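Written below as structure tokens is the structure these notes are about.
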Number of protein chains: 2
Amino acid sequence: MPLIPQTVREQVTNQIRNDLLSGRFPAGTMLREIELAARFGVSRGPVRDAFIQLSHEGYLAYQANRGVMVRHPPDPRDREFITELRLKIETYVIERGFEDKSDESVNSVELALERLKEACDSGEASQVAIRDIEFHQKILLACGGDDLVPTWRQLCSRMLLTYTRLGDYSQAYKEHVAIFEPFRDGDMKKTVAAIQANIK
Amino acid sequence: MPLIPQTVREQVTNQIRNDLLSGRFPAGTMLREIELAARFGVSRGPVRDAFIQLSHEGYLAYQANRGVMVRHPPDPRDREFITELRLKIETYVIERGFEDKSDESVNSVELALERLKEACDSGEASQVAIRDIEFHQKILLACGGDDLVPTWRQLCSRMLLTYTRLGDYSQAYKEHVAIFEPFRDGDMKKTVAAIQANIK
DNA sequence: GGTCTAATTATTGTTAACATCATACATTCG
DNA sequence: CGAATGTATGATGTTAACAATAATTAGACC
């Protein structure tokens, strides 16, 4: 496993994203650069960069000269539509690039599956959410879907903001095993079907 | 018309986006913070912010410690799919929020239409592209589609990177008039139909 | 000649100080 | 008393200097 040198900005971004997903910052909260910079022991620069990034990921709403606010989860009426779009993208990318996947990329998906298992075992909702997304993203990247990943990610991210309590994630893990196995074995149809069952 | 105080970052972002759309920076080009900062007569900070933002909009590819590269237009094979997604979002937002639109928002759409006309008259492809997007965005916002605009924008933006030469945009303008008129008069079906005809 | 290593250079990453803006509150004038 | 104006404060916006990283070049060694 390669040592990934993480920049301060990335660490800050990941930490804030994690806090957002775990409900530490409720919707509507104003986030202050100074406050977070102090907490992480860094300057305002990277925090600022993280704000811009997370705004584009859909978690925060940016207002010039006024800072950022934690966005509300999508309107319940929109959730179904967003899910539909997400599924459409995943299906398209997989059907389009299923044959292109390499052994290496299959391995990276398997690694993501292991990380998801750890998160599920821990029972922490925010970690499960992050690893879940990561798993799906690895599959998309394996199928050459780089171009559509940013858009896809934006759709997923917002959905996650919905509060989820601690719980039993053994079922969720099983669903992802059911995605990985046909993916590894080269059965595209079953892979897509398993994903549809997982997301819907 | 309200005076909109534009922050340096916004100006820089807009200028770079415009340059990208007008083909000043070909795909694959590495963009340097220092170079652009010098050109605009500002420091690296806002340029840096603009890079992060434009990366998320899909124009640039970001690599840690290595800077940003101008992305290539989407694969021709993907263009149809992306257009389909874009259309799906516009249709959904309009059908969902058509009744919510206020007189004020109709005015802002009309204003955007006038700006589009100016751009079409000038014949500058990049300006037409920007005003075109702006017009559609105003409609989405008027229908309460704030939540989906960032995602929608990402889809459009990438599409625009395809090189378009100077040309006659009177037809394009007419198509947008055909969108605006039923929109203003409260005819949802015709509005959606006109948009479909315009995008396809 | 080719290749590995070390010094150089150019570029991005981070920081802290300063400038600007928005808000809340106090004050003044009608 | 109420509206408008001025001021204080706390936030973001911007800058320039410094640190760390990646790419490049020069040179030693085989």
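Everything quoted here is computed from the prediction, not taken from an experiment.
M69(A) belongs to a hydrophobic cluster with M30(A), counting contacts under 4.5 Å between side-chain heavy atoms of Ile, Leu, Val, Met, Phe, Trp and Tyr, direct or through other members.
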Expected rows: protein N/O vs nucleotides 19-21 of chain C N/O, under 3.5 Å:
from, atom 1, to, atom 2, distance (Å)
dC21(C), O3', N65(A), ND2, 3.3

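Shown here are the side-chain contact (heavy atoms from CB on, under 4.5 Å) partners of R66(A), two or more places apart in sequence or in another chain: Q63(A). Taking the side-chain contact (heavy atoms from CB on, under 4.5 Å) definition, one finds that R44(B) meets it with E33(B), I34(B), A37(B), sequence neighbours left out. Every residue meeting the side-chain contact (heavy atoms from CB on, under 4.5 Å) condition with E35(B), not counting sequence neighbours, appears here in chain and number order: R32(B). Under the side-chain contact (heavy atoms from CB on, under 4.5 Å) criterion, S55(A) pairs with L60(A), Y62(A), V68(A), not counting sequence neighbours.
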Validation: residues 186-197 of chain A side-chain donor-acceptor distances under 3.5 Å, sequence neighbours left out:
from, atom 1, to, atom 2, distance (Å)
D187(A), OD1, K189(A), N, 3.4
D187(A), OD1, K190(A), N, 3.2
T191(A), OG1, F183(A), N, 3.2
T191(A), OG1, D187(A), O, 2.7

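What separates CD of Q11(A) from P of dG13(C) is a distance of 14 Å, to the nearest Å. Atom P of nucleotide dT12(D) and atom CG of L60(A) are separated by 12 Å, given to the nearest angstrom. Atom-to-atom, CD of Q63(B) to C1' of dT11(C) comes out at 13 Å; the value is rounded to the nearest Å. For R9(B) and dT15(D), the CZ to P distance is 12 Å, given to the nearest whole Å.
Counting non-hydrogen atoms under 4.0 angstrom, F51(B) reaches nothing in the nucleic acid.
Using a 4.0 Å cutoff on non-hydrogen atoms, the parts of residues 27-50 of chain B near DNA chain C are L31(B), R32(B), E33(B), I34(B), R44(B), R48(B), ordered by number.
For dT14(D), the OP1/OP2 oxygens have a side-chain nitrogen or oxygen of T7(B) closer than 4.0 Å.
Legend: ring-ring contact (aromatic ring centres under 6.0 Å, His included) pairs involving residues 42-61 of chain A, not counting sequence neighbours, sorted by first then second residue: H56(A)-H56(B).
For the pair K101(B) and F98(B), the distance from NZ or CZ to the six-membered ring centre is under 6.0 Å and the angle to the ring normal is within 45 degrees.
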